[in-house]
Amino acid sequence: MHPSERDFAKLLDFYNIKYLYEPRSFPLRWDGQRVVEMFSPDFYLPAQDQYFELTTMKQTLVTQKNRKLRHLRELYPEINIQLLYRRDIMRLLAKYGYGLLADAEVKGIERAMFTAEQVQQRVQELGEQITQEYQAQEIVLVGVLRGVVCFMADLMRRIDLPLAIDFIEISHYGADSGEEVSVTKDVEISLEGRPVILVEDIVDTGMTLQFLLRHLWAKQPSSVAICTLLDKQVRRINDVPLQYVGFEIPDEFVVGYGLDYQGLYRNLPYIGVLKPVEPKFEPQR
Ligand code: IMP
Ligand code: MG
């Protein structure tokens with residue numbers, strides 16, 4: 001494996017996501033009966049039925065690889081494959097304060113993505129939707145610490161139902177907390193037989209969510225729905241259906257309204273885009 005591949009594999013291991021390394025070769029071109037070109041994606045995630053191809057190459061070679069990938073998709077339309085650049089992996093790791101980009105200099109907030117008013121408006125709509133869809137049921141909101149504090153505080157006040165709240169916190173990749181994700185603060189009230197809404201600040205790869213869902217279902221709630229303020233759909237690795245989404249956002253690092261970068265910016269009343277000065281990557285090979 002290349003260093004980037006190893007970094008990706010370690011991250012998957014942390015979240016207990018099963019993968020196979022280069023499990024299958026797809027013939028792309030034939031000369032008569034003879035296969036003259038093949039493509040072997042780097043990773044396959046069986047539970048997600050998703051292939052990943054990692055590239056650390058120069059832009060000209062990436063173009064070639066893209067062409068190969070397009071060809072692969074034409075010949076095998078049933079397979080799901082995603083291309084990850086070295087920068088994608090570095091960003092993935094930087095989120096956990098790890099890897100090259102973790103030390104990137106931060107220039108501050110570039111711009112607001114959603115103003116405080118826009119956030120409040122959307123939170124109110126979500127609260128009304130939840131109120132309607134759960135009618136007279138007694139629900140439990142479970143917030144994922146710590147990014148969720150602002151959203152949770154506002155959302156609960158927009159829900160007109162009898163409700164209880166609790167919080168859960170889990171360890172993060174790269175912290176000195178071990179090889180595998182674990183619960184560092186568990187839910188304390190009983191969830192048995194109760195409708196639960198898991199409240200998240202942002203869903204990015206979805207790896208945290210997969211772990212949390214498995215953990216919550218073990219407590220035998222009657223249902224579990226997910227309500228997230230932000231959804232970075234383009235970065236999804238582990239796909240999970242999200243019932244309530246505040247905003248779908250592009251692949252940019254956002255802070256404020258509870259969201260942090262290395263512990264800071266949570267107290268901004270709006271959601272802003274952080275502009276890190278990313279070092280240029282030396283293409284490998
Ligand atoms: P996932 O497991 O990749 O879905 O990670 C979700 C977690 O990553 C969130 O709960 C956040 O703590 C963090 N995260 C992901 N994207 C951002 C961002 O743009 N700003 C701040 N935190 C983020
Ligand atoms: Mg979080």
Side-chain angles (χ1 to χ4, degrees), residues 7-8 10-17 19 45 47-48 50 52 82 84 87-99 101-102 104 106 108-114 119 142-152 155 167-175 177 180-185 198-216 226-242 244-268 270-276 278:
D7 282 337
F8 188 60
K10 267 162 65 183
L11 193 58
L12 295 174
D13 282 338
F14 183 79
Y15 286 102
N16 226 311
I17 294 177
Y19 62 85
L45 277 47
Q48 291 73 12
Q50 173 85 45
F52 286 91
Q82 205 173 314
L84 295 179
R87 161 166 304 195
D88 294 323
I89 308 288
M90 288 303 127
R91 283 189 170 179
L92 220 54
L93 295 175
K95 198 176 74 174
Y96 306 101
Y98 180 79
L101 288 182
V106 172
I109 309 296
E110 190 189 52
R111 63 176 199 283
M113 187 178 275
F114 302 107
V119 171
V142 175
V144 185
L145 291 173
R146 289 185 279 249
V148 83
V149 287
C150 296
F151 182 39
M152 185 80 156
L155 181 69
F167 294 94
I168 190 166
E169 187 168 40
I170 62 173
S171 64
H172 282 283
Y173 184 76
S177 44
E180 245 184 57
V181 60
S182 62
V183 173
T184 51
K185 186 235 167 280
L198 183 63
V199 187
E200 263 278 25
D201 49 357
I202 183 165
V203 180
D204 183 13
T205 62
M207 293 197 277
T208 310
L209 209 51
Q210 136 146 338
F211 172 78
L212 284 170
L213 281 177
R214 210 182 308 141
H215 182 79
L216 288 184
I226 297 158
C227 177
T228 184
L229 180 64
L230 303 173
D231 176 11
K232 256 189 222 176
Q233 177 67 45
V234 292
R235 298 235 307 187
R236 204 58 37 83
I237 286 171
N238 186 73
D239 212 6
V240 198
L242 306 175
Y244 304 98
V245 174
F247 304 98
E248 197 183 304
I249 66 165
D251 184 12
E252 289 186 283
F253 199 85
V254 289
V255 293
Y257 195 66
L259 291 144
D260 75 308
Y261 176 68
Q262 301 192 352
L264 298 176
Y265 302 101
R266 292 194 199 274
N267 53 330
L268 293 178
Y270 60 92
I271 294 172
V273 179
L274 200 67
K275 213 52 195 170
E278 299 186 351

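When a ligand or atom number is given, it counts from 1 through the structure's own listing order.
- Applying the 4.0 Å criterion to heavy atoms of T208 picks out, from ligand 1, the atoms 1 (P), 2 (O), 5 (O), 6 (C).
- Residue contact check for ligand 1: V255 places no non-hydrogen atom closer than 4.0 Å to it.
- Applying the salt bridge (Lys or Arg N to Asp or Glu O under 4.0 Å) test to D7 and every residue at least two apart in sequence or in another chain returns nothing.
- For the pair Y244 and I226, the minimum side-chain heavy-atom distance is 4.5 Å or more.
- Heavy atoms of V254 come nearer than 4.0 angstrom to ligand 1 in at least one pair.
- Contact atoms of ligand 1 toward L259: 21 (C), 22 (N) (distance under 4.0 Å to a heavy atom of the residue).
- For ligand 1 and K232, the ligand atoms under 4.0 Å from any heavy atom of the residue are 16 (N), 17 (C), 18 (C), 19 (O).
- Checking only distances, T205 does come within under 3.5 Å of ligand 1, N or O to N or O.
- Contact check on R235 versus E252 returns no salt bridge, with no Lys/Arg side-chain nitrogen under 4.0 Å from an Asp/Glu carboxylate oxygen.
- For a threshold of 3.5 Å applied to N or O pairs, the pair formed by G206 and ligand 1 contains at least one separation below that value.
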Item to check | Trace of the side chain to side chain donor-acceptor pair (under 3.5 Å) decision for E180 with N16 | outcome: CA-CA 7 Å; E180 245 184 57; N16 226 311; 3.1 Å; yes
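- Taking the six-membered ring where the residue is Trp, F247 and F114 present parallel rings, their angle staying beneath 30° rather than reaching 60°.
- Heavy atoms of R235 stay at 4.0 angstrom or farther from ligand 1.
- Under the rule for a salt bridge (Lys or Arg N to Asp or Glu O under 4.0 Å), the partners of K185 that lie at least two apart in sequence or sit in another chain are D166, E188.
- Residue L274 places every heavy atom at 4.0 Å or more from ligand 1.
- In terms of N/O distances under 3.5 Å, ligand 1 is not approached by F253.
- Here is the list of ligand 1 atoms found below 4.0 Å of a heavy atom in E200: 10 (O).
- Ring centroid separation for the pair Y270 and Y257 does not come in under the 6.0 Å cut-off.
- For Y173 and F14, the ring centers are positioned less than 6.0 Å apart.
- Counting the atoms of ligand 1 from 1 in the order shown, those under 4.0 Å from a heavy atom of E252 are 19 (O).
- Looking at ligand 1, you'll find an N or O of D201 within less than 3.5 Å of one of its N or O atoms.
- By the 4.0 Å N-to-carboxylate-O rule, R236 lies too far from D204 to be salt-bridged with it.
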